[in-house]
Amino acid sequence: MLLKSDFFQRPTLTVAEELLGQILCREKPSGGSVRAVITEVEAYDGHDDKASHASRGITPRNEIMFDTGGYWYVYLCYGVHWMLNITTGEKGYPAAVLIRGLDIIQGPGRVTKQLEIDKSLNKKKANPNTQLWIESSPISIPQKAIQRTPRIGVDYAGPEWSQKDYRFVLNT
DNA sequence: GGAGTGATGACA
DNA sequence: GTCATCACTCCA
């Protein structure tokens, strides 16, 4: 079952937690197709979140975060790695969930490399027409399998924001 | 442990 | 126009 926009048009932390265990689906330009379980995500929530690109207001890069949920936000990090996020929440509220790991691939930069994701997918909607979408898991995830931790690599945001348990990991 | 990499945003 | 800053990975 395809996860539609209404799944993503909810509070970011809810979407982040419920994304664990869902199936990320990708039809690669080179021809292959990939289906993998989402095992690690981080939430970026609102303009007050100092770790979020949205904390400095709307810009050409992050404007999709301000749109309604269910769109891909893809950007280049450290000049090397593409980061894959999906926007969440209502229109006008800047929020997104960073997909950091899958059952077969660990690491946000590796995910995009393996799945051949780059900026051509930025601002696209998550559905099969864009060759990148998410389907609901056939199995339900027990609460105890979900671990919450602080986000990775966001110390610059200050303790108040870098220490929030906005990272969700699925223990297997 | 440390370098690479280049788009982005802030400032002028 | 310049310049510092980064939601990381790889190789040592």
Side-chain angles (χ1 to χ4, degrees), chain A residues 7-8 10-22 24 26 28-30 34 36-89 92-126 130 132-134 146-171:
Chain A
F7 177 89
F8 301 102
R10 297 183 297 153
T12 310
L13 291 170
T14 304
V15 175
E17 182 164 358
E18 293 189 13
L19 272 176
L20 291 178
Q22 313 290 11
L24 181 67
R26 170 63 168 157
K28 295 195 285 186
S30 65
V34 176
V37 177
I38 297 171
T39 56
E40 183 183 353
V41 298
E42 282 179 9
Y44 289 84
D45 185 27
H47 57 268
D48 289 335
D49 183 350
K50 294 293 185 294
S52 170
H53 289 164
S55 66
R56 299 194 185 183
I58 192 166
T59 68
R61 176 173 65 166
N62 67 21
E63 63 177 354
I64 194 64
M65 292 182 76
F66 288 76
D67 212 316
T68 190
Y71 288 85
W72 299 116
Y73 173 35
V74 182
Y75 70 92
L76 190 63
C77 166
Y78 295 113
V80 182
H81 309 287
W82 294 104
M83 296 290 121
L84 176 64
N85 305 246
I86 185 142
T87 63
T88 59
Y93 184 79
V97 174
L98 170 64
I99 297 176
R100 294 184 55 87
L102 309 173
D103 56 348
I104 52 169
I105 310 165
Q106 294 180 14
R110 293 177 177 178
V111 168
T112 52
K113 185 178 178 186
Q114 294 285 319
L115 300 189
E116 299 175 16
I117 291 164
D118 63 20
K119 68 180 178 194
S120 66
L121 283 158
N122 193 27
K123 303 184 184 180
K124 296 283 173 59
K125 200 161 187 173
T130 60
L132 182 63
W133 70 98
I134 299 174
I146 296 175
Q147 184 182 359
R148 293 187 63 163
T149 80
R151 291 175 289 188
I152 304 296
V154 295
D155 288 349
Y156 66 90
E160 181 190 352
W161 289 99
S162 64
Q163 291 173 13
K164 282 187 186 296
D165 285 339
Y166 276 13
R167 176 170 173 257
F168 297 83
V169 181
L170 181 63
N171 292 315

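Below, all heavy atoms of this structure are taken into account, side chains as well, without hydrogens, waters or symmetry copies. We name chains A, B, ... by the order of the sequence lines, and we start the count at 1 in each one. Predicted model, so just to flag it, every value in this text is computed and none were measured.
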Chemist: For A:Tyr78 and B:dG4, do the ring centres fall under 5.5 Å apart while the planes stay under 30° apart?
Modeler: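 Check failed, A:Tyr78 does not stack on base of B:dG4.
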Chemist: From the list C:dT9, B:dG6, B:dG9, which nucleotide is the closest neighbour of the side chain of A:Leu76?
Modeler: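 When the side chain of A:Leu76 is considered, B:dG6 is the closest of C:dT9, B:dG6, B:dG9.
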Chemist: Please tell me if the side chains of A:Thr12 and A:Tyr44 come closer than 4.5 Å, counting only heavy atoms from C-beta onward.
Modeler: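 They are not in contact (no side-chain heavy atoms under 4.5 Å apart), so the answer is no.
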Chemist: So if I take every side-chain heavy atom of A:Tyr156 and compare against B:dG9, B:dG4, C:dA7, which nucleotide ends up nearest?
Modeler: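 Nearest listed nucleotide: C:dA7.
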Chemist: Partner lookup for B:dT5, please. Criteria are Watson-Crick or G-U wobble with both distances under 3.5 angstrom; report none if nothing qualifies.
Modeler: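 B:dT5 is unpaired by these criteria.
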Chemist: Are a donor atom and an acceptor atom from the side chains of A:Tyr71 and A:Asn122 found within less than 3.5 Å of each other?
Modeler: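 Checked: A:Tyr71/A:Asn122 side chains show no N/O donor-acceptor pair below 3.5 Å.
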Chemist: From the options B:dA7, C:dA7, C:dT9, select the nucleotide whose nearest atom is closest to the side chain of A:Cys77.
Modeler: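 Side chain of A:Cys77 sits closest to C:dA7.
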Chemist: Quick one: A:Lys119 NZ to B:dA7 P, roughly how many Å, whole number?
Modeler: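 In whole Å, B:dA7 P and A:Lys119 NZ are 7 Å from each other.
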Chemist: Can you measure A:Arg61 atom CZ to B:dG6 atom P for me and round it to whole angstrom units?
Modeler: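 So the two atoms are 16 Å apart, to the nearest Å.
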Chemist: How would you label the contact of A:Arg56 with the nucleic acid (heavy atoms, under 4.0 Å): base, sugar-phosphate, or nothing?
Modeler: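 The residue A:Arg56 makes sugar-phosphate contact but no base contact.
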Chemist: Calculate the interatomic distance between A:Ile105 atom CD1 and C:dC8 atom C1'; express it in whole Å.
Modeler: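 Atom-to-atom, A:Ile105 to C:dC8, this comes out as 15 Å.
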Chemist: Whole angstrom is fine here: how far is it from CZ in A:Arg100 over to P in C:dA7?
Modeler: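 Nearest whole value for this atom pair: 11 Å.
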Chemist: Under 3.5 Å for both donor-acceptor distances, Watson-Crick or wobble: does B:dC11 have a partner, and if so which one?
Modeler: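 Answer to the pairing question: C:dG1, which forms a Watson-Crick or G-U pair with B:dC11.
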Chemist: Mind calculating the distance between CE (A:Met83) and C1' (C:dA7) to the nearest angstrom?
Modeler: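 Taking CE of A:Met83 and C1' of C:dA7, I get 7 Å after rounding.
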Chemist: Can you measure A:Glu42 atom CD to C:dC8 atom C1' for me and round it to whole angstrom units?
Modeler: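 Whole-Å distance recorded here is 12 Å.
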Chemist: Ignoring backbone atoms, establish whether A:His53 has a side-chain N or O less than 4.0 Å from OP1 or OP2 of C:dA7.
Modeler: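 So the side-chain polar atoms of A:His53 do come within 4.0 Å of the phosphate oxygens OP1 or OP2 of C:dA7, strictly under.
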Chemist: Roughly how many Å is it from NZ in A:Lys164 to C1' in C:dA7, rounded to a whole number?
Modeler: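 Checked: the NZ to C1' distance equals 17 Å.
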Chemist: If you count the non-hydrogen atoms of other residues, nucleotides and ligands that lie under 6.0 Å from CZ in A:Arg56, is the total more than 12?
Modeler: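 No - once you tally the heavy atoms of other residues, nucleotides and ligands closer than 6.0 Å, there are 12 at most.
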Chemist: Figure out the OH/P separation between A:Tyr166 and C:dA7, and round it to whole Å.
Modeler: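 Taking atom P of C:dA7 as the reference, OH of A:Tyr166 is at 17 Å.
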Chemist: Compare the minimum distances between each of C:dA7, C:dC10, C:dC8 and the side chain of A:Arg110, then state the nucleotide with the smallest one.
Modeler: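 Nearest to the side-chain atoms of A:Arg110, counting from C-beta on, is C:dC10.
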Chemist: Could you grab the distance from atom CZ of A:Arg151 to atom CG of A:Asp49, nearest 0.5 Å is fine?
Modeler: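 A:Arg151 CZ to A:Asp49 CG: 4.0 Å, rounded to 0.5 Å.
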Chemist: Does the base of C:dA7 carry an N or O that pairs as donor and acceptor with the side chain of A:Tyr75 under 3.5 Å?
Modeler: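 Yes, the side chain and the base share a sub-3.5 Å donor-acceptor pair.
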Chemist: Tell me whether A:Glu116 is salt-bridged to A:Arg26, with the criterion being a basic N under 4.0 Å from an acidic carboxylate O.
Modeler: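 Judged by the 4.0 Å cut-off on N to carboxylate O distance, A:Glu116 and A:Arg26 do not form a salt bridge.
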